[in-house]
Amino acid sequence: MSDFFHQISRRKFIVTATASAGAVLLKGCLGNPPEPGGGNAQTQSTAQSVANISPELAPETKAVKLGYIPIVESAPLIIAKEKGFFAKYGMTDVELSKQASWGSARDNVEIGSAGGGIDGGQWQMPMPHLISEGVITKGNQKLPMYVLAQLITHGNGIAIASKWQGQGIDLKLAQAKGIVSQLKSKGSRFKAAHTFPHVNQDFWIRYWLGAGGIDPDQDIDLLPVPSAQTVANMKTGTMDAFSTGDPWPYRIVKDKIGYMAALTADIWKNHPEEYLAMRADWVDKNPKATKAILKGIMEAQQWCDNFDNRQEMTKILAQRQYFNVPEEVLFDPFMGKYDMGEGRIVDDKSMAALYWKDEKGSVSYPYKSHDLWFITESVRWGFLPKDYIVNNAAKARAIIDKVNREDIWKEAAKEAGIPAADIPTNTSRGVEEFFDGVKFDPEKPEEYLKTLKVKKVSV
Ligand code: CA
């Protein structure tokens, strides 16, 4: 261990030890002004709040194991732990477990914490639905899961290898179809990667290519490849595109490996991204602990959305036990500043990763209409059979009603004293619009599929 990390760990140990011995002293030691309800004085307020939890809200257990992937989507989990927001609501023993890949997260939730796995955590969509339905589990065993909150919007994008710089492979894909067709006819297809099939990052690049008239199944090679390998392949010229999340885009541009053709905020502003979901058996057994976890996450999301906190948030996330990246890789994107690498600079906080609120309202509340988009999009590309969306998506809606527990989110929000104005009253966010003008009306998913030019399903 380097001296630097040794010091950090040691300081952390002292702070932790002191906190349990007598947290009141800490505030003065660190020289921070008092901040009611959190902030730098959280260690003290945590100690007080835990003592103040009324018996009817006291969680059934203080322990839970939640998985996360070290990308910006996991920030609410890490911040809730580090700033004491889980502990404030009685969850004093939350273990965050870094997952090597989305496949391992899926395997670990199948095992459960009792077997050394996890009880839930961070997911791309619609993984909780696919796990619940046994579509991506071992032996197609159904493992019921509940979606409890959305963790984030934005924070993802599409990177293109440097060799394509200045040739029109950008958001509008003006020249891209010609380039891709030429490569195809030469027998060396355009190669693109994402990190796990049939979920968000696969959907974002598919939507974007489809809008440009490119069929991701017929015209290019689109494959799941681990992030580090994709970046290495982009460097050597054997990978052309990567659908990925922060902190990768910044590193790709900074190291001149590629440029950013689009942010997901360009493709679909205020789009649904990753979610908190847990095993249904854990939630059913521990309903108060589930709400305590949710309250901790909600408080973390509000803290994350205060841009004055983003420097501190960057420091926390960059640490070795979490993302293990230099702070500079995270900070500018967190402030809505993206050097896209092709002469385009984005400087707009409404395009940054947002955790609690966006221009459309709540980020944290899990809208059922968004689950329906992910399932509709799965049908579009042939990942799920068409029967999910016929009869106005009766089958999809039935699954969503089982998996999406926005009712628990609302109960937790009320208990946490979230103002009524911040608690959505409709499970649908209404009609959504994409960058190419296509609209998704959650009342008519089949109509949406009909308007799309590039698709695998016949409607
Ligand atoms: Ca993502």
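First listed ligand is number 1; within each ligand, the first listed atom is number 1. Please read these numbers as outputs of a predicted model, since none were measured by experiment.
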Problem - Presence of salt bridge, K368 and D401, under 4.0 angstrom - result: yes

Practice task
For the pair D217 and R206, find out whether any cationic side-chain nitrogen is under 4.0 Å from an anionic carboxylate oxygen.
Solution key: yes

Problem - ring pair (Phe, Tyr, Trp, His ring centres under 6.0 Å), paired with H271, selected from W208, F203, W204 - result: W204

Exercise for the section: Report the angle formed at the Ca ion (ligand 1) by atom OE2 of E273 and atom OE2 of E73, rounding to the nearest 10°. Expected result: 100°

Exercise for the section: Could you tell me whether any N, O or S atom belonging to N156 is less than 3.0 Å from the Ca ion (ligand 1)? Expected result: yes

Under 3.5 Å, which donor-acceptor pairs do the side chains of residues 331-340 form with other protein atoms, sequence neighbours left out?
{"unit_1": "Y338", "atom_1": "OH", "unit_2": "D246", "atom_2": "OD2", "d": "2.7"}
{"unit_1": "D339", "atom_1": "OD1", "unit_2": "G341", "atom_2": "N", "d": "2.9"}

Handout entry: Angle in degrees, rounded to 10°, that NE2 of Q201 and OE2 of E274 form at the Ca ion (ligand 1)
Key = 120°

